[in-house]
Amino acid sequence: MFKDVIVLITGAASGIGFGTARLFISEGATVVGFDLEAAALARTRDDLGERFVSRPGDVSNEADIAAAARFVEERFGRLDTLVNNAGRGTLVQMEAMQESDFYWHYDVLVKGPMLMVKHFAPLLRKSANPSILNISSSAARVEHTQNHFLYSTAKAAMLKFTQHIVRDLPGIRANTILPGWIDTPIYARAGLDEATIKLVYEHALPRIPAGRIGSPEDIGHCILFLSSPKASYINGASIDIHGGYLSNADWGFLW
Ligand SMILES: NC(=O)c1ccc[n+]([C@@H]2O[C@H](COP(=O)([O-])OP(=O)(O)OC[C@H]3O[C@@H](n4cnc5c(N)ncnc54)[C@H](O)[C@@H]3O)[C@@H](O)[C@H]2O)c1
C-alpha cells in the first residue's frame, strides 16, 4: 500500500520510531530516519535495508531540520508523511526545577515538532496525500504521576498544536496519537535501572485491561493507517492507544 511513499520519522533509531519505520518499509515505503544517534541510525539502516535513509540530526536544532528538508527536497522532491516522534522525559520536582529542565523537555517535545512542520510543510504540499502524525502521550490526559509536569504539559501541547495545524495548513491532515505504556528504551534513557523498570511494568500491568504492556507496533499500525488514503477524512483526531489503561479507575501511583 505504501509503494513510492516517502515518510520522515523523527526518533527512528529506537522504540516506536524504529518499529514504525520497519512497518512502513515492509509495506513498500521509503523512510527517512532523523535521529540524534548516528550509530543507532547506521544499525537501523543495516537492519531495515536501503529504503531506510538515515539522516542524523537534532530536532531542537533549526539548522539541522532545515538541512534535512533540503536533503529530502533534493532526493525525493516531496514528503508524504511526517511523524513527529522523537522524545524524552524524566521526573522533575516542581520546586527544584531548573530553567534547563524546562528547555531539556520543551526543546525536543514542543519546539522540535513545530520546527519540523515549519520546514517540511512546503514538501508535504507537494504530496497527493500529505499527513502529519504528532506523538503525544497518555501523560497528557492524567495528573496522577508526581513530578511529571514538564513532560505531561509538553505532551498536552501536542494536542493543541495538531488542532492549529489543521486550521492553519489546510490540505495537510494532522492527527495526534497518545501512547500509554509501551515497551521501549525510553525508560532506561530517562535513567531508570532495570529493576525499577521491572517494578514500573509490574505496577502498570494489572491496571491495563488488555493484559500486557504495549509494543512499538501497536502504535506503528495506527500511524500507518492514519497516514494512508483510507484515513483521508480523519483530520484533527486524537487517538489514545493504551490497552484500556485510562478506563481503569484504579491507577494507583508509584511516585
Ligand atoms: N514508550 C512509552 O511508553 C511512551 C509512552 C507515551 C509516549 N511516548 C512517546 O513516544 C515517542 C517515542 O518514544 P520511545 O518510547 O520510542 O522512545 P525511545 O527512547 O525508544 O526512542 C526515542 C528516539 O528519539 C531520539 N531522540 C531523542 N531526542 C532527539 C532529538 N533531540 N533529535 C532527534 N532525535 C532524538 C532518540 O535518539 C531515540 O532514538 C516519544 O515522543 C515519547 O515521548 C512513549
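Both ligands and their constituent atoms are indexed starting at 1 by order of listing.
A salt bridge does not link E27 to K3: none of the charged side-chain nitrogens sits closer than 4.0 Å to a carboxylate oxygen. A salt bridge is absent between K126 and D80; no separation between the charged side-chain nitrogens and carboxylate oxygens falls under 4.0 Å.
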key: Full working for side-chain hydrogen bond (donor to acceptor under 3.5 Å, both in side chains) between H148 and E143   = CA-CA 8 Å; H148 211 215; E143 301 85 34; over 6 Å; no

inquiry  = Does T44 form a side-chain hydrogen bond (donor to acceptor under 3.5 Å, both in side chains) with D47? I'd like the steps, not just the answer.
reply    = CA-CA 5 Å; T44 304; D47 204 354; over 6 Å; no

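Contact analysis leaves A12 out of contact with ligand 1, as no non-hydrogen atom separation drops below 4.0 angstrom. Judged by the shortest distance from any of its heavy atoms, A40 lies outside the 4.0 Å radius around the atoms of ligand 1.
Judged by the 6.0 Å and 45° rule, R55 forms a cation-pi pair with F71.
The residue among S138, A204, G214, S14 with a heavy atom at the shortest distance from atom 18 (P) of ligand 1 is S14. Among I9, T20, I16, the residue whose heavy atom sits closest to atom 10 (O) of ligand 1 is I16. For atom 32 (N) of ligand 1, the choice among D64, V59, D183 with the nearest heavy atom turns out to be V59. Selection from I182, V83, V200, N61 by nearest heavy atom to atom 1 (N) of ligand 1 gives I182. Considering each of D35, I65, D58, the one bringing a non-hydrogen atom nearest atom 31 (N) of ligand 1 is D58. For atom 29 (C) of ligand 1, the candidate residues are I135, L36, I213; the nearest heavy-atom contact is made by L36.
Atom CG in L192 sits 7.0 Å away from atom CG in L91 (nearest 0.5 Å).
Atoms of ligand 1 lying under 4.0 Å from any heavy atom of G11, numbered from 1 in the order shown and given with element: 23 (C), 24 (O), 25 (C). For ligand 1 and K155, the ligand atoms under 4.0 Å from any heavy atom of the residue are 40 (C), 41 (O), 42 (C), 43 (O). Near S136, meaning under 4.0 Å from any of its heavy atoms, are these atoms of ligand 1: 7 (C), 9 (C). Atom numbering of ligand 1 starts at 1 in the shown order; those under 4.0 Å from a heavy atom of E37 are 37 (O).
In this structure, a donor-acceptor pair under 3.5 Å is absent between the side chains of D240 and Y245. Side-chain N/O atoms of R173 and S227 include no donor and acceptor closer than 3.5 Å. In this structure, a donor-acceptor pair under 3.5 Å is present between the side chains of S60 and D58. Between the side chains of T162 and T176, at least one donor-acceptor pair of N or O atoms lies under 3.5 Å.
At a heavy-atom cutoff of 4.0 Å, ligand 1 is contacted by no atom of A139, backbone or side chain. Contact annotation for F18 and ligand 1: no heavy atom of the residue comes within less than 4.0 Å of the ligand.
The shortest contact between atom 43 (O) of ligand 1 and any protein heavy atom is with Y151 OH, 2.6 Å. For atom 5 (C) of ligand 1, the nearest non-hydrogen atom of the protein is G180 O, 3.0 Å.
Looking at ligand 1, you'll find an N or O of R189 within less than 3.5 Å of one of its N or O atoms. Not a single N or O atom of W181, backbone or side chain, sits closer than 3.5 Å to an N or O atom of ligand 1. Where the criterion is an N or O separation shorter than 3.5 Å, residue side chain and backbone included, S137 fails it with respect to ligand 1.
Hydrophobic clustering places L82 together with F76 (ILVMFWY residues linked when any side-chain heavy atoms are closer than 4.5 Å, directly or through intermediates).
In this structure, the side chains of I16 and P179 come closer than 4.5 Å at one or more pairs of heavy atoms.
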